[in-house]
Amino acid sequence: QVQLVESGGGLVQAGGSLRLSCAASGTIVSISVMGWYRQVPGKPRELVATINSVGSTNYADSVKERFTISRDNAKNTVLLQMNSLKPEDTAVYYCYATVRSSYYPPTYSPFWGQGTQVTVSS
């Protein structure tokens, strides 16, 4: 099995910064995509940012120029540096990864972390 453990959430004032981290552990052969999604009550989970194994990134328009995603393939970790935070960034942030857990079949499965709360006060 694979576990994703997030850390780094909390309360910050508007304009401030937070850094989220996520570490994947368990039976891992390789990880394709790692990323972050977020969700507020009553709304669907939405993509924040993703990064693939060669470092190509994808960001939601709402966070471009403010958030930066990075990963350490050797440590199976992904980071999300969040700057210039806004109250609308308040949400539970979930780590995501597509993981290959065996050499055969060579398939990838999605895994989610438990989520970490980010609250931005105005």
Side-chain angles (χ1 to χ4, degrees):
Q1 262 296 3
V2 174
Q3 298 82 39
L4 301 179
V5 178
E6 303 112 332
S7 62
L11 173 65
V12 65
Q13 288 188 330
S17 299
L18 282 175
R19 188 174 75 167
L20 304 182
S21 64
C22 173
S25 63
T27 307
I28 298 172
V29 172
S30 62
I31 300 176
S32 177
V33 176
M34 300 190 81
W36 295 91
Y37 286 69
R38 66 188 182 187
Q39 189 170 25
V40 297
K43 293 189 176 182
R45 194 170 295 186
E46 64 175 11
L47 178 144
V48 176
T50 61
I51 183 169
N52 68 13
S53 59
V54 295
S56 295
T57 58
N58 180 45
Y59 294 92
D61 288 342
S62 60
V63 307
K64 284 180 180 176
E65 310 300 329
R66 299 189 298 122
F67 291 9
T68 302
I69 189 169
S70 61
R71 67 188 276 180
D72 184 330
N73 290 332
K75 296 181 179 179
N76 292 330
T77 58
V78 61
L79 302 177
L80 184 69
Q81 178 65 44
M82 304 185 294
N83 299 327
S84 302
L85 282 160
K86 304 175 180 180
E88 51 264 43
D89 294 318
T90 296
V92 177
Y93 283 70
Y94 295 91
C95 179
Y96 167 84
T98 55
V99 180
R100 179 180 172 185
S101 297
S102 64
Y103 287 96
Y104 189 85
T107 57
Y108 287 83
S109 300
F111 291 90
W112 293 91
Q114 295 279 59
T116 184
Q117 177 71 46
V118 170
T119 303
V120 184
S121 63
S122 57

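Heads up: numbering here begins at 1 and tracks the sequence. Predicted, not measured: the structure shown is a model, and the values here were computed from it. Both backbone and side-chain heavy atoms feed into the values below; hydrogens, waters and symmetry mates do not.
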Could you measure the distance from the [atom1] atom of [X] to the [atom2] atom of [Y]? Nearest 0.5 Å is fine.
X    : Y   : atom1 : atom2 : answer
M82  : I69 : CE    : CD1   : 11.5 Å
S122 : Q13 : OG    : CD    : 9.5 Å
Q3   : C95 : CD    : SG    : 12.0 Å

Using modelled atom types and a 3.5 Å cut-off, is there a donor and acceptor pairing between side-chain atoms of [X] and backbone atoms of [Y]?
X    : Y   : answer
N73  : S53 : yes
T119 : T90 : no
R100 : V29 : no

Subject >> Crowding at CD, Q114 (>12 non-hydrogen neighbours, <6.0 Å) >> reply: no
Do you know which two heavy atoms are closest between [X] and [Y], and how far apart they sit?
X   : Y   : answer
A49 : L80 : CB-CD1, 4.3 Å
L4  : C22 : CB-SG, 3.9 Å
S17 : Q81 : CB-NE2, 4.0 Å
L85 : L18 : CD1-N, 3.8 Å
A14 : P87 : CB-CD, 4.1 Å

Using distance only, find each side-chain donor-acceptor pair of residues 31-38 under 3.5 Å and give its atom names and separation, not counting sequence neighbours.
| residue | atom | partner | partner atom | Å |
| --- | --- | --- | --- | --- |
| R38 | NE | E46 | OE2 | 2.7 |
| R38 | NH1 | D89 | OD1 | 3.0 |
| R38 | NH1 | Y93 | OH | 2.9 |
| R38 | NH2 | E46 | OE2 | 3.3 |
| R38 | NH2 | S62 | OG | 3.4 |

Subject >> F111 and Q1: CA distance, side-chain angles, deciding distance, side-chain contact (heavy atoms from CB on, under 4.5 Å) verdict >> reply: CA-CA 10 Å; F111 291 90; Q1 262 296 3; 3.3 Å; yes
**OP:** Verify side-chain hydrogen bond (donor to acceptor under 3.5 Å, both in side chains) between T27 and S101, making sure each step is shown before the conclusion.
**Re:** CA-CA 5 Å; T27 307; S101 297; 5.9 Å; no
Cluster check [X], [Y]: I/L/V/M/F/W/Y, side chain < 4.5 angstrom:
X   : Y   : value
F67 : Y94 : no
V99 : L79 : no
V78 : V2  : yes

**OP:** Mind jotting down which residue pairs meet the salt bridge (charged side-chain N to carboxylate O under 4.0 Å, His left out) criterion with at least one end in residues 107-122? Sequence neighbours excluded, please.
**Re:** none
Subject >> salt bridge (charged side-chain N to carboxylate O under 4.0 Å, His left out): pairs with one or both residues in residues 68-79, sequence neighbours excluded >> reply: none
**OP:** Specify whether W112 and Y96 have parallel, tilted or perpendicular ring planes, treating 30° as the upper limit for parallel and 60° as the lower limit for perpendicular.
**Re:** tilted
